[in-house]
Amino acid sequence: MTDGTADGIADEQIHDALRAFTDRYEVLREERPDDFVCGRAEYWAGFSS
């Protein structure tokens, strides 16, 4: 829940987008394992939000 400020709303949107991105990664990893030749830790290395 946000506090209703622009910053709070933006933070929630970023969190929702990151969750959608990582959820989609997991679906693709399950459906197309041959496209993911490295492990999760290596795949996400260097990512920051």
Exercise. When rounded to the nearest 0.5 angstrom, what distance separates CZ in R24 from CD in E31?
Worked result: 6.0 Å
For this session: Mind checking the CG-CD1 spacing from D7 to I14? Nearest 0.5 Å is all I need.
Result: 9.5 Å
Seminar exercise, completed: With sequence neighbours left out, the residues meeting salt bridge (charged side-chain N to carboxylate O under 4.0 Å, His left out) with E26 are R40
Exercise. With a 6.0 Å cut-off on ring centres, are W44 and F21 close enough?
Worked result: yes
Exercise. Is there a path from F47 to L28 through hydrophobic residues (I, L, V, M, F, W, Y) whose side chains come within less than 4.5 Å of each other?
Worked result: yes
Problem set entry | Side chains of D11 and H15 in contact at under 4.5 Å (non-hydrogen atoms) | no
